[in-house]
Amino acid sequence: MAVSPRDSAAVLAQAAVTVGPLIRSRVSGLPPEIRHVAGLHFGWWNDDGAALETAPAHKSVRPALTLLACQAVGGRAEAAAPAAVAVELVHNASLLHDDIIDHAPQRRGRPALWAAKGLPAAILAGDALFFTAVQTLADLPEASRTVPVLLACVQALIEGEYLDTLLEATADATEHQVLAVAAGKTGELLACACELGAAAHNAGPERAGHLRAFGHHLGIAFQRMDDVLGIWGDQAVTGKPALSDLRARKMTLPVATAMTGDTPSARELRALYRAQEPLTGEECLRAAELIEKTSAREATLERARQYTADALKHLDLAQPEPQAGAELTALAELLTARDR
Ligand code: FPP
Ligand code: MG
């Protein structure tokens with residue numbers, strides 16, 4: 001019997017229902033103090049340990065990709081649940097460390113863990129989540145195939161993140177360099193999410209490879225949207241302060257594009273980015289104004305569209321089962337036209 005595809009909101013909600021309890025169960029196995037700060041990061045309880053009545057609903061994008069990739073190759077979503085948990089734990093580990101690196105005071109509309117509880121809490125909670133992710137895969141019979149995929153992904157994340165910090169210190173970056181950062185720090189995790197989903201149903205190398213490539217291209221498109229939201233996004237929906245990427249002098253594609261060339265605007269933007277300190281509120285507004293004067297925003301959105309189109313070509317080549325294929329397509333389109 002043909003089943004009609006679910007809309008993306010239902011797909012994400014179902015992914016959260018599938019992995020949420022498993023993530024909580026994994027975190028509950030951590031020693032008490034680290035468990036406490038990890039739960040603060042997830043928004044499950046407050047600092048007194050009282051459960052939050054409306055624990056925030058996470059978007060579960062990566063788990064949804066893992067579950068759907070498994071279904072795309074003919075498997076059941078549940079078979080990929082541990083892989084989805086591992087990917088989401090790595091994602092959260094990386095965010096804990098990223099917020100420290102970026103000096104970002106907020107995450108998901110709440111104080112970042114390092115800002116609330118200090119650097120040791122955030123560093124160690126990130127480490128704990130990362131090793132819990134590895135343990136989640138290591139506990140399964142197919143561990144010898146899946147753990148290396150996750151570990152290679154984390155090495156790529158680390159390289160991407162480090163390259164990102166190197167670019168921030170340069171005040172001039174090429175589009176190629178900015179794309180390499182996105183490929184490492186975002187593309188690889190989405191690629192890994194899809195690859196592990198396919199592996200949970202023992203997909204052949206060709207199908208798994210195309211699903212991996214789908215995730216990789218989607219991740220780059222997703223990062224380009226993040227670039228746009230980091231400058232022009234609405235704080236109420238992004239959960240991050242307006243202009244936060246500019247304040248932190250992040251080298252995103254709109255910034256790199258607007259800095260290119262020898263125009264007065266490009267020179268002024270480069271000078272602002274050469275400063276050692278985070279930009280002041282006034283400097284952020286000026287930087288946004290300088291970027292607005294160029295076609296950098298449209299150029300970034302166009303790049304996002306191209307990477308989304310390439311992602312969808314790979315999805316097609318993976319010959320997905322119809323329902324999962326339609327749901328992955330809708331999710332890709334949502335993520336690359338998102339306002340949050
Ligand atoms: C967010 O980027 C950061 C990432 C997508 C990856 C961060 C990776 C690491 C810290 C290395 C991996 C570490 C572990 C422990 C697994 P962003 O700053 O552009 O996005 P944001 O605006 O959401 O912060
Ligand atoms: Mg960041």
Side-chain angles (χ1 to χ4, degrees), residues 34 38 41 58-59 61-62 86-115 119 121-137 147 149-168 173 177-193 215-216 218-235 237-256 278 300 304 335 338 340:
I34 282 295
H41 161 74
H58 292 146
K59 278 190 310 229
V61 167
R62 293 154 192 83
V87 168
E88 189 64 2
L89 287 169
V90 164
H91 174 54
N92 279 277
S94 77
L95 295 182
L96 283 164
H97 287 187
D98 175 70
D99 285 340
I100 297 169
I101 293 166
D102 288 350
H103 307 282
Q106 278 187 303
R107 171 69 62 187
R108 299 171 177 150
R110 299 189 304 277
L113 189 62
W114 71 268
L119 291 177
I123 293 169
L124 295 169
D127 293 345
L129 294 188
F130 167 63
F131 284 103
T132 306
V134 177
Q135 190 66 56
T136 304
L137 293 186
V147 171
V149 172
L150 190 73
L151 295 181
C153 163
V154 173
Q155 297 296 359
L157 285 185
I158 291 169
E159 179 75 355
E161 180 80 348
Y162 185 51
L163 276 176
D164 200 8
T165 67
L166 295 179
L167 286 194
E168 274 160 34
Q177 288 171 315
V178 175
L179 289 174
V181 168
K185 74 174 196 181
T186 313
E188 282 297 316
L189 189 57
L190 269 56
C192 174
H216 188 81
L218 179 61
I220 298 174
F222 183 77
Q223 186 61 45
R224 297 290 67 97
M225 292 308 295
D226 213 53
D227 291 354
V228 170
L229 294 171
I231 300 175
W232 296 285
D234 178 352
Q235 176 168 8
V237 286
T238 63
K240 292 176 227 166
L243 305 176
S244 56
D245 281 359
L246 297 180
R247 195 174 317 269
R249 296 184 298 122
K250 284 187 84 79
M251 187 53 75
T252 59
L253 191 57
V255 173
T300 304
L335 294 178
R338 71 208 153 105
R340 59 189 64 211

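For the numbers below, each heavy atom of this structure counts, side chains included, while hydrogens, waters and symmetry mates do not. In each ligand, atom 1 is the first atom listed, and ligand 1 is the first ligand listed.
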Purely on distance, is any nitrogen or oxygen of [X] under 3.5 Å from one on ligand 1?
X: Asp102; result: yes
X: Arg107; result: yes
X: Asp98; result: yes

Taking just the N, O or S atoms of Asp98, which one is nearest to the Mg ion (ligand 2)?
OD2

Between the side chains of Asp164 and Lys250, is the shortest nitrogen-to-carboxylate-oxygen separation below 4.0 Å, so that they form an ion pair?
yes

To the closest 0.5 Å, what do you measure between [atom1] ([X]) and [atom2] ([Y])?
X: Ile220; Y: Asp226; atom1: CD1; atom2: CG; result: 13.5 Å
X: Lys59; Y: Glu88; atom1: NZ; atom2: CD; result: 10.5 Å
X: Leu179; Y: Leu253; atom1: CG; atom2: CG; result: 6.0 Å

Suppose I only count heavy atoms of [X] and a 4.0 Å limit; which atoms of ligand 1 are within that range?
X: Asp226; result: 20 (O), 22 (O)
X: Gln223; result: 19 (O)
X: His97; result: 10 (C), 15 (C)
X: Lys250; result: 17 (P), 18 (O), 19 (O)

Does Gln155 reach the side chain of Ile158, with side-chain heavy atoms less than 4.5 Å apart?
yes

Would you say Ile231 and Val255 make side-chain contact, with heavy atoms under 4.5 Å?
yes

Quick one: nearest non-hydrogen protein atom to [atom], plus distance?
atom: atom 21 (P) of ligand 1; answer: Lys240 NZ, 3.4 Å
atom: atom 14 (C) of ligand 1; answer: Ser94 CA, 4.0 Å
atom: atom 2 (O) of ligand 1; answer: Lys185 NZ, 3.1 Å
atom: atom 12 (C) of ligand 1; answer: Ile158 CG1, 3.7 Å
atom: atom 16 (C) of ligand 1; answer: Val154 CG1, 3.9 Å

Should the proximity of Glu161 to ligand 1, defined as any heavy atom under 4.0 Å, be assigned to the side chain, the backbone, both, or neither?
side chain

If every non-hydrogen atom of [X] is compared with every non-hydrogen atom of [Y], which pair is closest and at what distance?
X: Glu161; Y: Asp98; result: OE2-OD1, 2.6 Å
X: Arg224; Y: Thr300; result: O-CG2, 3.6 Å
X: Asp99; Y: Trp114; result: O-NE1, 3.1 Å

Please state whether the separation between the Mg ion (ligand 2) and some N/O/S atom of Asp102 is under 2.8 Å?
yes

Main-chain N/O of Leu190 paired with His216 side-chain donor or acceptor, under 3.5 Å
no

